[in-house]
Amino acid sequence: MTEETTPGVEPYDGPAGGWGALGAVARAIRDQMGTSADTRALLQMNQPDGFDCPGCAWPDPKHTSSFEFCENGAKAVTWEATTKRVAPEFFAEHSVADLWNWTDHMLEDAGRLTHPMRYDPATDRYVPIAWDEAFARIGARMQALDHADQCEFYTSGRASNEAAFLYQLLAREFGTNNFPDCSNMCHEATSVGLPQSIGVGKGTVTLEDFDYADAIFCIGHNPGTNHPRMLTTLRAAARRGVPIVVANPLRERGLERFKSPQHAVEMLIPGDATPLASEYHLVKVGGDAAMLKGMMKAVLAAGAEDKAFIAEHTTGFEALRADIEATGWDEIERRSGLTRAAIESMAAVYIKAERVILCYGMGITQHRHGTENVQQIANLLLMRGNMGKPGAGICPLRGHSNVQGDRTVGITEIPNDALLDGIEKAFGFAPPRKHGHNAVESIAAMLDGSSRAFIGLGGNLAVAMPDPAACFRAIRNLDLSVNIVTKLNRTCLLIAKGDTIILPCLGRTEQDMQASGPQWVTVEDSMSMVHASRGKLKPVSPDLRSEPAIVAGIARAALPATRVDWDGLIANYDHIRDKIEIVFPDFRDFNARIRTPGGFRLTVGASTRTWNTPDGKAHFIPFPGIDEDDGRDDGPFTLTTIRSHDQYNTTIYGLDDRYRGITGRRDVLFAHEDDLAAIGLAHGDKVDVIAGDRVLPGQTAVAHPIARGSVAAYYPEANLLLAIDDYDGKSGTPSYKSIAVRLRPAA
Ligand SMILES: Nc1nc2c(c(=O)[nH]1)N[C@H]1C(S)=C(S)[C@@H](COP(=O)(O)OP(=O)(O)OC[C@H]3O[C@@H](n4cnc5c(=O)[nH]c(N)nc54)[C@H](O)[C@@H]3O)O[C@H]1N2
Ligand SMILES: Nc1nc2c(c(=O)[nH]1)N[C@H]1C(S)=C(S)[C@@H](COP(=O)(O)OP(=O)(O)OC[C@H]3O[C@@H](n4cnc5c(=O)[nH]c(N)nc54)[C@H](O)[C@@H]3O)O[C@H]1N2
Ligand SMILES: [Mo]
């Protein structure tokens, strides 16, 4: 078939950004906010006195002056500041059975939730409930549990530091460390892998480092869609002549060329876009460890390792060298899908540069060996001392806008003693020491009945996780399910056996008024900068509460003998920040420093070559082996699951994926033309995607520049192909990006 005969699939020739982006912003405003658009919200985004963009965690130039927003930031804001409402009348009109048949896009597009709701089994409808009654019911259900570990406290990474800190306090005073969170599905491989390598589970670079880098590597992330403000940084680097080396199974327009909407000349001259990638390598899905080992092999062959740095700062080099030398080029080529020459070319750029930044995202972490992947990146950087000096370091692209901050302030199922001792010191109760559940473990516990209650601070757990059928059963199995959200999603439609409650909260764009006056919150970006975020818009409904106030409401009801002055903390968020500072000494003078323009940076030891490992050294950690498929594979193709340009995780803004040439649909499978031909298929044909006994039927095959043997489909539609127990053994991160599949022509 030819391209013209497949509706909604047309190659996109434009650059990333450009007029396409401006058009998309205008459409987002029109669709969500109508003609009465309160576009003030957009103008306050990432301003010194405004709110932090809820889109991504890429930092802003000091958060002080520059006016920077991007197409997808605008989509995130208009989606939240929409004029559409999901009020009690909406629920009176639609039963839960009826809503279940809506798509994820339709559910959220219905608008903002305005009132607390409880499920009424008699009518199969959500009905309004007063806040105090909702808290009382939740508190009663929590107290009726046999023990605190029967409750799961899920967090999605949009929660502010203040909300997340109170949330972990609630759970720990209640008596559990069950903190499944979105990090468990995202950068957990970073949080587990990097501390072993360099003593800290965060990135080591700052935005300024990009001004000094001599080469930038981008592996397994798609900034044009997921971190669009990063393109401004990459553009500046490219214009300085800095090579940008990309390794990604798919050709992504946002890594190829960019027309900056903030630069008039570039916008006005047709064809005048800035090329970004200097080389683009279509590594096989799951082939990164092999590729990285190949690069290290080339560095060693050239004798280009930094011997002085290695001697002074590291251990484990000889073991790594032995492993690299034992790995043959034929294996490396087969597994990475790249030729030796291609890998040597990447290594040549790496060796030539004095200062290298390596950026990576979900293409690295969401694998069975995600932790090892991360550690191979650390090995490569350490090998030439590219850590802890200006212009060099590791740059994990974080997901949600405050996912890193949530971790920092205590959302973790594996707390260390310092954290727990800090809580005891600040609040006078002894928090539980026993480790709790991560996301995968929480689903297992709900399924086998050992967990009876779920509270979600944001997010859409049952849709974000693998194996939706199992996740749906898990939540339906409970006595209590509570979703603290801004919008209706499918997890809210999973009805527990006892109480099911929706608590609608303020979003980041909105004013938060408490007893002492208007409040603001703080967040931490991908580069450990902490800064303030102030909502300015009138709340979409007078019946909303802030996330901190909702957490406090639950705490008062669930913990009659609480040691925490919840009312005092909520009255003035400065009081929350004072407590954060007691628990986490790195936040010293929190309330003073957060008021200086741009906020402050938390300590990242590795940024100054302080290695917070047991022996005070950075560690080379070999990964013996090269294959992801430890015997479980049963398909000739490896499926990776990706985000479209019109989605934010499970939030589907629209059905287009402009840069990949897809319009008005999401039921597609990206594959190499020759791979399709080899099984008798062509571009536009219908194909079933099969993983064991799981089938995603009737996808439209789209011939795309992608590594041979690799195929890609959208998340979350493809999540049914992944089993809940298919994850990275070290970090628990589901292997969303390495699903062995077979393809067959659809019936
Ligand atoms: N607009 C928007 N912004 C977002 C999000 C969103 O959904 N929409 N989500 C936020 C969140 S929570 C996160 S975690 C980030 C996600 O940001 P990214 O990490 O960029 O997200 P993905 O789309 O999952 O995939 C990234 C890229 O990895 C490539 N890839 C897939 N498999 C492999 C592999 O095996 N190896 C390599 N080298 N590459 C591979 C894909 O082709 C894709 O280009 O973005 C955040 N920002
Ligand atoms: N197959 C596959 N699955 C994946 C991934 C993948 O790449 N492939 N990526 C994984 C990753 S990286 C992540 S981070 C997870 C995401 O998992 P989650 O964080 O659980 O999911 P989101 O879709 O971001 O959550 C959307 C919901 O959050 C609520 N919300 C929005 N704003 C706010 C707010 O300000 N406050 C509150 N309280 N609620 C709000 C809205 O009601 C909305 O419906 O998914 C994971 N799942
Ligand atoms: Mo994420």
Side-chain angles (χ1 to χ4, degrees), residues 54-58 70-73 75-76 79-80 104 107-108 113 154-160 163 181-187 218-228 246-252 254-255 281 283-288 291 360-367 373 397-401 403 439 456-466 483-492 503-508 547 550 628 638 640-651 653 670 706-707 710 712-719 721-722 733-734 736-739:
C56 75
W58 186 256
C70 68
E71 172 189 346
N72 280 353
K75 284 182 201 157
W79 197 250
E80 179 173 301
D104 294 332
L107 289 175
E108 283 210 30
L113 292 155
Y154 177 68
T155 316
S156 170
R158 238 182 233 199
S160 63
D181 78 328
C182 71
S183 239
N184 295 146
M185 301 174 241
C186 184
H187 263 294
C218 292
I219 305 185
H221 68 103
N222 185 20
T225 289
N226 298 319
H227 311 91
V246 174
N248 194 308
L250 275 79
R251 237 171 224 295
E252 303 282 27
L255 286 159
H281 300 281
V283 64
K284 264 191 192 173
V285 167
D288 300 278
M291 174 188 80
Y360 69 94
M362 298 298 102
I364 284 292
T365 59
Q366 293 176 330
H367 289 276
N373 282 346
L397 276 302
R398 287 282 164 175
H400 269 296
S401 49
V403 61
L457 181 58
N460 189 5
L461 177 69
V463 177
M465 286 290 283
N483 284 285
I484 304 167
V485 287
T486 51
K487 290 211 165 174
L488 191 59
N489 63 41
R490 198 164 301 280
T491 303
C492 306
L503 301 178
C505 63
L506 294 172
R508 242 189 230 170
E547 290 178 342
I550 294 172
E628 286 226 304
T638 312
T640 189
T641 59
I642 52 177
R643 293 159 166 80
S644 80
H645 194 61
D646 263 5
Q647 82 182 74
Y648 195 93
N649 299 339
T650 70
T651 296
Y653 300 131
F670 299 98
I706 183 171
S710 301
Y714 294 128
Y715 142 57
E717 285 84 347
N719 287 30
L721 292 170
L722 187 63
T733 314
Y736 297 119
K737 291 200 170 31
S738 48
I739 310 175

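Sequential numbering from 1 along the given sequence is applied to the chain's residues. First listed ligand is number 1; within each ligand, the first listed atom is number 1.
- Annotation: atom 8 (N) of ligand 1 to nearest protein heavy atom, Q647 O, 2.7 Å.
- Heavy-atom contacts of G361 reach the following atoms of ligand 1: 19 (O) (cutoff under 4.0 Å).
- Remark: ligand 2 and E80 share no N or O pair separated by less than 3.5 Å (distance only, no angle test).
- For the pair R643 and ligand 2, a heavy-atom separation below 4.0 Å is found.
- Close approach of ligand 1 to D288 (heavy-atom distance below 4.0 Å) involves ligand atoms 34 (C), 35 (O), 36 (N), 37 (C), 38 (N).
- When each atom of ligand 1 is checked for a heavy atom of N72 under 4.0 Å away, the hits are 1 (N).
- Using a 4.0 Å heavy-atom cutoff, K737 is listed among the residues neighbouring ligand 2.
- Using a 4.0 Å cut-off to heavy atoms of V283, the atoms of ligand 1 that qualify are 38 (N).
- Less than 4.0 angstrom separates some heavy atom of I219 from each of these atoms of ligand 1: 38 (N).
- Here the straight-line distance linking atom CG of N226 with atom NE2 of H645 works out to 9.5 Å at 0.5 Å rounding.
- Under the 4.0 angstrom criterion for non-hydrogen atoms, R508 is not in contact with ligand 2.
- Set against the non-hydrogen atoms of N489, the atoms of ligand 2 under 4.0 Å away are 27 (C), 42 (O), 43 (C), 44 (O).
- Only the side chain of E252 comes within 4.0 Å of ligand 1, judged by heavy-atom distances.
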Tell me, with the steps shown, if N649 and R643 meet side-chain hydrogen bond (donor to acceptor under 3.5 Å, both in side chains).
CA-CA 7 Å; N649 299 339; R643 293 159 166 80; 2.9 Å; yes
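- The protein non-hydrogen atom at the shortest distance from atom 43 (C) of ligand 2 is E108 OE2, 3.2 Å.
- Between Y360 and the choices H227, H187, H221, the ring pair (Phe, Tyr, Trp, His ring centres under 6.0 Å) rule is met once, by H187.
- Closest heavy-atom approach to atom 14 (S) of ligand 1 among the candidates S738, G459, C186, S401: C186.
- Nearest protein heavy-atom contact of atom 21 (O) of ligand 2 is N460 N, 3.7 Å.
- Between S738 and T640 there is no side-chain heavy-atom pair separated by less than 4.5 Å.
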Verdict with reasoning, I642 to Y714, per side chain to side chain contact (heavy atoms under 4.5 Å, CB included):
CA-CA 5 Å; I642 52 177; Y714 294 128; 4.3 Å; yes
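- In terms of protein heavy-atom proximity, atom 38 (N) of ligand 2 is nearest to E547 OE2, 2.7 Å.
- With ligand atoms numbered from 1 in the order given, ligand 2 contributes 12 (S) to contacts under 4.0 Å with heavy atoms of M362.
- For atom 35 (O) of ligand 2, the closest non-hydrogen atom of the protein is R158 CD, 3.7 Å.
- Ligand-side atoms of ligand 1 in range of T640: 31 (C), 32 (N), range being under 4.0 angstrom from any heavy atom.
- From the protein, the heavy atom lying nearest to atom 31 (C) of ligand 2 is T486 OG1, 3.3 Å.
- Test T651, V485, T491 against N460 for side-chain contact (heavy atoms from CB on, under 4.5 Å) and you get one pass: T491.
- Of all the atoms in ligand 2, the ones that sit under 4.0 Å from a non-hydrogen atom of Y154 are 17 (O), 18 (P), 19 (O), 20 (O).
- Those atoms of ligand 2 that come under 4.0 Å of a heavy atom in C505, given as number and element, are 36 (N), 37 (C), 38 (N).
- Nearest protein heavy-atom neighbour of atom 1 (N) of ligand 1: T225 O, 3.1 Å.
- Heavy atoms of H367 approach ligand 1 to within less than 4.0 angstrom.
- At a heavy-atom distance under 4.0 Å, only side-chain atoms of H227, from C-beta outward, approach ligand 1.
- Counting atoms of ligand 2 from 1 in the listed order, those under 4.0 Å from a heavy atom of I484 are 37 (C), 38 (N), 39 (N).
- Atoms of ligand 2 lying under 4.0 Å from at least one heavy atom of M185, given by number and element, are 10 (C), 11 (C), 12 (S), 15 (C), 45 (O), 46 (C).
- Taking atom 11 (C) of ligand 1 as the reference point, the nearest protein heavy-atom neighbour is G399 CA, 3.2 Å.
- Applying the 4.0 Å criterion to heavy atoms of G286 picks out, from ligand 1, the atoms 34 (C), 35 (O).
- Partners of R398 according to the salt bridge (Lys or Arg N to Asp or Glu O under 4.0 Å) rule, which considers only residues two or more places apart in sequence or in another chain, do not exist here.
- In terms of protein heavy-atom proximity, atom 34 (C) of ligand 1 is nearest to G363 O, 3.2 Å.
- Counting protein heavy atoms only, atom 10 (C) of ligand 1 is closest to Y648 OH, 3.6 Å.
- The protein heavy atom nearest to atom 4 (C) of ligand 2 is Y715 CE1, 3.1 Å.
- With hydrogens left out, the protein atom closest to atom 18 (P) of ligand 1 is N226 ND2, 3.4 Å, a heavy atom.
- Note on ligand 1: M291 sits outside its first shell, no heavy atom being nearer than 4.0 Å.
- Taken from CE in M362 to NE2 in H367, the straight-line distance is 10.0 Å, to the nearest 0.5 Å.
- Residue G220 approaches ligand 1 through these ligand atoms, each under 4.0 Å from one of its heavy atoms: 19 (O), 26 (C), 27 (C), 28 (O), 37 (C), 38 (N), 39 (N).
- For atom 42 (O) of ligand 1, the closest non-hydrogen atom of the protein is N248 OD1, 2.7 Å.
- The atoms of ligand 2 that sit less than 4.0 Å from any heavy atom of G458 are 37 (C), 38 (N), 39 (N).
- Within the 4.0 Å heavy-atom shell around ligand 1 one finds N649.
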Is there a side chain to side chain contact (heavy atoms under 4.5 Å, CB included) between V246 and H281 once you walk through the steps?
CA-CA 6 Å; V246 174; H281 300 281; over 6 Å; no
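- Heavy atoms of P716 come nearer than 4.0 angstrom to ligand 2 in no pair at all.
- Polar contact with ligand 2: present for A464 (N/O pair, distance under 3.5 Å).
- Closest to atom 2 (C) of ligand 2, if we only count protein heavy atoms, is Y736 CD2, 3.1 Å.
- An N or O contact shorter than 3.5 Å is missing between K284 and ligand 1 by distance.
- Taking the centre of each ring, Y648 and H400 come in below the 6.0 Å mark.
- Checking S401 against R508 by side-chain atom types alone, a donor-acceptor pair falls below 3.5 Å.
- The residue among E71, R398, H221 with a heavy atom at the shortest distance from atom 27 (C) of ligand 1 is H221.
- Given atom 20 (O) of ligand 1, the protein heavy atom at minimum distance is N222 N, 2.7 Å.
- Here the shortest heavy-atom distance to atom 22 (P) of ligand 2, taken over T650, V403, I642, T651, belongs to T650.
- Against a heavy-atom cut-off of under 4.0 Å, S156 is close to the following atoms of ligand 2: 18 (P), 19 (O).
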